[in-house]
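Remarks on the structure that follows.
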Amino acid sequence: LKLKTVLVVAVCAVLLSAATVFASPIVIKFSHVVAEDTPKGIMANAFRDLVAERLEGKVVVEVYPNSQLFGDGKELEALLLGDVHILAPALSKFQKYTPLLQIYDLPFLFKDMEAIDRFQQGPQGKALLNSMKGKGIIGLDYLHNGMKQISSNNPIRTPEDAKGRKFRIMTSDVLAAQFEAVGAMPMKKPFAEVFILLQTKAIDGQENSWSNIYSQKFFEVQPYITETNHGILDYLVVSSTSFWDGLPADIRPVLEECLKESIAIGNKAAADKDMEDRQTIADSKRTEIITLTDAEREAWVEAMKPVWKKFEDAVGKENLEAAIASNN
Ligand code: LMR
């Protein structure tokens, strides 16, 4: 009888603690650093709305855009502390947790978004989703933004034009090496500070997708944008392993479904906005878009490609080979 009582008490305690962890409704905080009218902002809001439709009364998703809740540098720590539950940082922001994702930062590795898709959906890309599990972070899926361009105070056409100039980068040593390869000075800074750094000319330029250059108004304070398409800006939608694996078994599959659908909506927005935002920037006449000839672009490839070799071991040889093969 004694054993029975102990067991009943133990079961009650487990049920009670589960109920406390997942008080009804479960609140999922989704924090990000960009504007709402961007691929990531649109995806996050679509996820919130789909969950509201399908898990009414059971789960509420709260979206915090524009670094409102947590900015770069703090958001992954907050995820591990349980202060936020879903994030979608740029792939360049995970260096502290794994060197493997830096494959995505190698300059001129992927020729376009289709190549990236092929790599991400292949065995190597899929395995990378789990590359931070040991650190308590689970990669739920990838989300697109677009190819990166270089904006600047001065016209940049050749690698020499970038020499000695300060460019803001995300927290990635590969991105640092990429700018160092052309003699420029990379500066790791949070996204929320970029506009003011550009406006006050504390830095000369930055690299980003058309969507971010537009939605953050970088084009209003940068007289030149060179259309280099030299790298990609993509995201990893992540949660903490403890939060995600601990979700009730009847809820998690529905959330996964909502995630899949909202990512498809975000990816469609990424493809549309890439062209639209570029056009709006061009029409604004606030900045000059510099396009490169094949020979000019080749000079950039030649200057930056040695970075691959430098990081080959860190990102994994087989990953690099698969990424190269995804271009065909
Ligand atoms: C950046 O920091 O430049 C971007 O990663 C911001 C974002 O999330 O798109």
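When a ligand or atom number is given, it counts from 1 through the structure's own listing order. For clarity, every value in this text was computed on a predicted model and none was experimentally measured. What's counted below: heavy atoms across the whole structure, side chains too, no hydrogens, waters or symmetry copies.
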With atoms numbered from 1 as shown, which atoms in ligand 1 lie under 4.0 angstrom from a non-hydrogen atom of [X]?
| X | answer |
| --- | --- |
| F191 | 1 (C), 2 (O), 3 (O), 4 (C), 6 (C) |
| A90 | 5 (O) |
| V34 | 6 (C), 7 (C), 8 (O), 9 (O) |
| K93 | 1 (C), 2 (O), 4 (C), 5 (O), 6 (C) |
| L233 | 5 (O), 9 (O) |
| M170 | 1 (C), 2 (O), 3 (O), 4 (C), 5 (O) |

- Task: Determine, for E312 against K309, whether the closest basic-nitrogen to carboxylate-oxygen distance falls under 4.0 angstrom.
- Result: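 Answer for the salt bridge query: yes.
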
- Please indicate whether any nitrogen or oxygen in N145 is less than 3.5 Å from any nitrogen or oxygen in ligand 1.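 No; the residue has no nitrogen or oxygen that sits under 3.5 Å from a nitrogen or oxygen of the ligand.
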
Modelled atom types, side-chain donor and acceptor of [X] and [Y], under 3.5 Å:
| X | Y | value |
| --- | --- | --- |
| Y104 | D234 | no |
| N145 | S209 | yes |
| N208 | Q149 | no |

- What residues, two or more places apart in sequence or in another chain, satisfy salt bridge (charged side-chain N to carboxylate O under 4.0 Å, His left out) together with D112?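 Not a single residue meets the salt bridge (charged side-chain N to carboxylate O under 4.0 Å, His left out) criterion with D112.
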
- Message: I'd like to check the side-chain hydrogen bond (donor to acceptor under 3.5 Å, both in side chains) partners of H230; sequence neighbours left out, ordered by chain and number.
- Response: E207, T228

- Query: Among the heavy atoms of R168, does any lie under 4.0 Å from an atom of ligand 1?
  - Reply: yes

- Of all the heavy atoms in K40, does at least one lie under 4.0 Å from an atom in ligand 1? yes

- Protein residue, atom and distance nearest to atom 9 (O) of ligand 1, heavy-atom basis: Y235 OH, 2.5 Å

- Query: D72 pairs by side chain to side chain donor-acceptor pair (under 3.5 Å) with which of K93, K188, K189?
  - Reply: K93

- Check each heavy atom of N212 against ligand 1 and say whether those closer than 4.0 Å belong to the side chain, the backbone, both or neither.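 Side chain only.
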
- Shortest non-hydrogen separation from D173 to Q102 and the atoms involved: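 Minimum heavy-atom separation between D173 and Q102: N-OE1, 3.6 Å.
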
